[in-house]
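In what follows, a structure is listed as structure tokens, so that the remarks can point back to it.
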2 protein chains.
Amino acid sequence: MTVDGGVSRPARPAARPVGRVDPDRIPQATVARLAVYLRVLTEMLAQGVRTVSSDVLAAAAGVNAAKLRKDLSHIGSSGVRGVGYDVSRLTEQVESVLGLTRSHAVALVGVGNLGHALAGYGGFAQRGFGVAALFDVDPALVGTTIGGVEVLDVAEIPRVCASKGVTIGVIATPAGAAQQVCDALVGAGVPSILNFAPAVLSVPTGVEVRKVDLAVEMQILAFHVSRHDGRAAADGREATGKVFG
Amino acid sequence: MTVDGGVSRPARPAARPVGRVDPDRIPQATVARLAVYLRVLTEMLAQGVRTVSSDVLAAAAGVNAAKLRKDLSHIGSSGVRGVGYDVSRLTEQVESVLGLTRSHAVALVGVGNLGHALAGYGGFAQRGFGVAALFDVDPALVGTTIGGVEVLDVAEIPRVCASKGVTIGVIATPAGAAQQVCDALVGAGVPSILNFAPAVLSVPTGVEVRKVDLAVEMQILAFHVSRHDGRAAADGREATGKVFG
DNA sequence: CTCTGTGAACCTGTTCACAGCT
DNA sequence: AGCTGTGAACAGGTTCACAGAG
């Protein structure tokens with residue numbers, strides 16, 4: 001799962017910067033789902049779908065329709081009653097809310113097994129997430145090139161991240177190095193970090209950390225395997241059915 | 001982040017299989033954190049720490065102490081008041097609850113960029129998660145060996161998964177192939193799936209799916225970058241330290 | 001005294017159900 | 001009619017604060 005980062009909420013309204021929609025009011029859970037909706041919307045747009053109802057969009061995104069409508073209400077969406085949402089317009093709105101109208105320079109630290117794969121993975125290239133820099137401690141890796149980007153020494157993190165205006169740092173180092181790397185990124189002004197290392201990071205208030213932890217995911221599944229076995233006898237193992245109500 | 005999978009809750013208690021602790025009563029959120037506690041506990045055990053208080057353990061795991069105590073109360077833990085928890089005993093309890101006392105055969109489908117890295121990643125080897133089988137569609141990859149395990153054709157999924165008793169399937173294919181692969185795994189009796197493909201999977205009731213979606217994580221961070229920038233002007237951009245009280 | 005375990009308050013997010021627009 | 005947007009009820013999880021064990 002994902003651990004929540006340490007983003008500060010403003011203690012008081014303190015002169016709210018009221019624009020069209022106040023992002024501070026958008027629930028965390030909604031933000032996470034907006035990204036999923038966006039993927040579905042993009043597919044629909046590619047297929048020439050002009051309009052979509054909350055029922056259809058929700059089914060495609062794997063959520064319930066009421067939740068989707070509430071999510072969209074948070075971003076000030078305007079669907080048309082009796083018709084649905086304009087796919088193109090909604091796509092733009094979601095992109096705008098997620099901050100995808102600008103590009104984001106990504107720095108990836110640790111190009112070992114996993115990091116190397118991530119550097120080449122399509123996920124980064126999409127949607128304006130450009131790999132601006134790669135770093136590693138290993139002298140054998142420093143100087144090599146992955147996907148056209150040269151691997152630099154971690155000592156360069158402060159200088160390079162600051163000068164390239166890196167906004168997202170990805171940590172794919174062993175656990176032992178993670179906090180140190182994190183500190184370097186934060187020191188260079190990187191406001192958001194995606195951490196693949198199995199370590200708890202501490203960061204100053206205002207820096208957002210998200211964690212992707214393979215071992216944790218596996219263990220959660222292991223828990224459910226135990227559950228499944230226990231229940232198998234009672235359930236009688238039905239093959240294919242509804243996913244949810 | 002991680003999107004929650006489609007696990008069915010039993011509609012009724014239906015003759016509860018009451019053992020020491022009823023796993024149905026353990027909150028999802030608690031299960032996810034238990035895996036984190038386990039990692040910290042394992043490190044402490046290795047360092048020879050005998051006893052730990054909820055304060056210390058919570059700090060190391062990055063959660064608040066009351067939450068940790070409540071989590072542990074769900075697994076029927078017995079700390080000693082005025083002293084703390086016995087590290088060794090607590091470790092065993094957590095392992096037991098997570099179903100880590102048995103080993104789990106893992107099948108990984110898709111050994112491209114990411115899948116290849118995952119196959120070699122340490123995360124699987126640890127804690128009894130053995131890679132029992134690898135699959136791919138690409139004839140150029142079928143027959144090769146990764147980490148001592150041969151890559152088989154996806155057509156073999158039903159036979160091999162069933163015969164090896166695979167309990168956890170990992171999908172690291174492109175989005176387009178994910179549902180089909182998922183169906184094959186489910187058909188072979190695999191009860192838990194970890195999905196790295198950017199696709200919504202539908203599965204029968206009782207099958208647990210967890211999703212790790214790189215693009216979604218990046219977009220959530222992008223949202224926070226926008227937030228961060230908007231607030232920077234007012235805050236005066238202080239590099240490291242408290243933002244407010 | 002220290003530290004756990006837990007009732008109760010609280011808060012966030014989900015679901016329901018329907019008013020109201022087209 | 002169909003479908004959105006939303007108040008209100010609900011559920012799940014978090015935090016508080018303290019009784020009580022050692």
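Here is how names work: the chains are called A, B, and so on, in the same order as the sequence lines, proteins then strands, and each is numbered from 1. Keep in mind it's a predicted model, so treat the numbers as computed, not measured.
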Looking just at side-chain N and O atoms, do A:T167 and A:H104 make a donor-acceptor pair shorter than 3.5 Å?
-> yes
For C:dT4, does OP1 or OP2 lie under 4.0 Å from any side-chain N or O of B:S73?
-> no
Of B:T30 and A:L72, the one whose closest nucleotide on DNA chain D sits nearer the 5' end is A:L72
For A:S78 and A:R89, does a side-chain donor sit closer than 3.5 Å to a side-chain acceptor?
-> yes
Just to confirm, is there a sub-4.0 Å distance from OP1 or OP2 of C:dT4 to any side-chain nitrogen or oxygen of B:S77?
-> no
Does the distance from a Lys or Arg side-chain N to an Asp or Glu carboxylate O, for A:E208 and B:R227, drop under 4.0 Å?
-> no
Side chain of B:Q28 (C-beta onward), nearest among D:dG13, D:dT6, D:dC16 = D:dG13
Around B:E43, counting heavy atoms of other residues, nucleotides and ligands shown, do more than 12 lie under 6.0 Å from its CD?
-> yes
Nearest-nucleotide pick for A:R81, side chain only, options being D:dT15, D:dC3, C:dG13 = D:dC3
Distance test, side-chain N/O of A:R69 to OP1/OP2 of C:dC18, below 4.0 Å | no
Minimum-distance nucleotide to B:Y85 side chain [options: C:dT15, C:dT4, D:dC16] | C:dT4
With a 4.0 Å cut-off on heavy atoms, is B:S78 in touch with a base, just the backbone sugar-phosphate, or nothing at all?
-> sugar-phosphate
Is there a donor and acceptor pair, one atom on the side chain of A:K70 and one on the base of C:dT15, closer than 3.5 Å?
-> yes
Output the single nucleotide from D:dT14, C:dT14, D:dG5 whose closest atom is nearest the side chain of B:A29.
-> D:dT14
Is any side-chain nitrogen or oxygen of B:S54 closer than 4.0 Å to OP1 or OP2 of C:dT4?
-> yes
